[in-house]
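Input: a single structure, listed below in structure tokens.
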Amino acid sequence: MCTRFVYNGNDMITGFNFDIDLAVWKHKVIKEKERFYIGILRPDGTYHSYHGINRNGNVGTLLYVHDNPAGIYRDNSDCITIADLTEQFIKAQISFDEVLQIVKSKQITYAPDATMQAMLSDSHGRVLIIEPGIGYKEEYEQYSLITNYSLMKPESTKDFIVPGDDRYERALKKLEKYSPDFSISDAIHLLYDVRQEGAWATRVSFVYSAKEQTVYYVENNHFECIQTFTFPLER
């Protein structure tokens, strides 16, 4: 369970609530010169950057979604997993335009052990939503929003909507009311309002300001303790 948005106003601001079951996945916040990310421990012993920000303004996040048979993992040269594509984008190994070319020319599949969809954005506020087996959507709007259900083929996940889970509707209602002065504070309040508790609690929340090149983040729903990370100036 996760929530991700991008708001294009006087600043390009993106926010993300990382909701995860600690019994299933191990994670930690990692801050580097080139990247800020939520590292996910994988069987190879590496904390992978599937949710994070590069100093160039690339922001990528994966969100759990119930599987679509057409997106099942396939090990061949015509396919790339959504996890690999997202991590390459966060690492700045590929640009937004290169991702666009990839989704047009290759089959995007789930990872072998996880069914996820993605939202990718760049410093200009361009957004790419990718749903394996369904398709992709490029947009440049005042705001973009995604949670854990399909936006392009909603009937494929409507039967899996958790009773009472109205995060998308509540977040959308708030985004519709904001002005171009949408601020870091507004973004943090939005994430607070749609935070999760219980087994799939919100473990990390982050807000990134393209203008400030700064990440504001909170761990374990302690919104009274906001930490910051600013990408160092290039020399």
Side-chain angles (χ1 to χ4, degrees), residues 1-7 13-25 27 38 40 50-52 59-73 81-83 85-86 103 107-121 127-139 141-178 182 186-207 218 220-221 223:
M1 312 293 282
C2 296
T3 302
R4 166 81 189 281
F5 66 84
V6 173
Y7 196 96
I13 295 175
T14 188
F16 180 58
N17 269 354
F18 174 69
D19 310 333
I20 201 166
D21 185 347
L22 297 180
V24 179
W25 302 100
H27 75 282
I38 303 167
I40 307 298
Y50 299 138
H51 317 275
V59 184
T61 51
L62 293 174
L63 304 95
Y64 172 79
V65 68
H66 283 278
D67 68 293
N68 167 31
I72 192 170
Y73 173 74
T81 71
I82 190 68
L85 186 67
T86 299
V103 298
Q107 293 285 327
I108 311 302
T109 72
Y110 300 124
D113 59 349
T115 55
M116 315 288 278
Q117 55 190 13
M119 178 182 279
L120 311 182
S121 60
V127 169
L128 189 61
I129 295 167
I130 307 169
E131 299 182 6
I134 295 176
Y136 68 92
K137 179 169 66 170
E138 180 188 7
E139 55 187 39
E141 305 290 347
Q142 186 173 20
Y143 54 81
S144 297
L145 173 68
I146 193 170
T147 57
N148 301 95
Y149 310 108
S150 172
L151 294 177
M152 286 177 275
K153 194 176 179 183
E155 67 275 12
S156 68
T157 53
K158 69 178 182 179
D159 291 339
F160 302 104
I161 295 176
V162 177
D165 182 5
D166 59 351
R167 287 171 297 130
Y168 184 88
E169 290 76 16
R170 286 187 289 127
L172 182 63
K173 190 173 181 180
K174 287 181 173 294
L175 288 169
E176 289 172 340
K177 293 181 178 179
Y178 285 119
F182 184 77
D186 293 330
I188 291 171
H189 277 99
L190 193 158
L191 292 179
Y192 175 82
D193 287 344
V194 296
R195 70 195 185 283
Q196 296 283 99
E197 297 178 346
W200 285 82
T202 302
R203 312 298 177 180
V204 182
S205 300
F206 70 65
V207 171
V218 169
N220 300 313
N221 276 329
F223 279 83

As a test of understanding, state which of V65, N68, I134 forms a side chain to side chain contact (heavy atoms under 4.5 Å, CB included) with Q117. V65

Looking at side-chain heavy atoms only, is the closest gap between F5 and L175 below 4.5 Å? yes

Stepwise side-chain contact (heavy atoms from CB on, under 4.5 Å) check, L85 with V103: CA-CA 9 Å; L85 186 67; V103 298; 4.1 Å; yes

D19 CG to N148 CG distance, which is reported to the nearest 0.5 Å: 7.5 Å

State, yes or no, whether a side-chain contact exists between Q196 and R167 at a heavy-atom distance under 4.5 Å. yes

Tell me every residue that passes ring-ring contact (aromatic ring centres under 6.0 Å, His included) with Y178, counting only those two or more places apart in sequence or in another chain. F182

Between Y7 and D186, does a side chain to side chain donor-acceptor pair (under 3.5 Å) hold up when you go through it step by step? CA-CA 11 Å; Y7 196 96; D186 293 330; over 6 Å; no

I'd like to check Y110 versus T81 (side-chain heavy atoms, cut-off strictly below 4.5 Å). Are they in contact? no

What distance do L151 atom CG and S144 atom OG have between them, rounded to the nearest 0.5 Å? 9.5 Å

Is atom CG of L22 surrounded by more than 12 heavy atoms (other residues, nucleotides or ligands) closer than 6.0 Å? yes

Kindly give the heavy-atom pair with the smallest separation between A111 and A83, and that separation in Å. CB-CB, 4.3 Å

I'd like to know if the side chain of T157 reaches the main chain of S150, judged simply by a donor and an acceptor atom lying under 3.5 Å from each other, with no hydrogens or angles considered. yes

Considering only heavy atoms from C-beta outward, does the side chain of L145 approach that of T3 to under 4.5 Å? yes

Side-chain heavy atoms of F223 within contact of H189, under 4.5 Å: no

Report yes if the side chains of N220 and R203 come closer than 4.5 Å at any heavy-atom pair, otherwise no. yes

Got N221 and E197 here, is their nearest side-chain heavy-atom distance under 4.5 Å? yes

Between W200 and Y64, what is the ring plane arrangement, given parallel below 30°, perpendicular above 60°, and tilted in between? tilted

Between K174 and D193, does any NZ, NE, NH1 or NH2 come within less than 4.0 Å of an OD or OE carboxylate oxygen? yes

Does some side-chain heavy atom of V218 sit less than 4.5 Å from a side-chain heavy atom of Y192? no

Rounded to the nearest 0.5 Å, what separation is found between the OG atom of S156 and the CD atom of E131? 7.0 Å

Measuring from atom CZ of F16 to atom OG1 of T61, what distance do you get when rounded to the nearest 0.5 angstrom? 5.0 Å

Look up atom CD1 in I130 and atom CD in E138, then write down how far apart they are to the nearest 0.5 Å. 10.5 Å

Gap between atom CE of M119 and atom OG1 of T86 - 0.5 Å precision: 12.0 Å

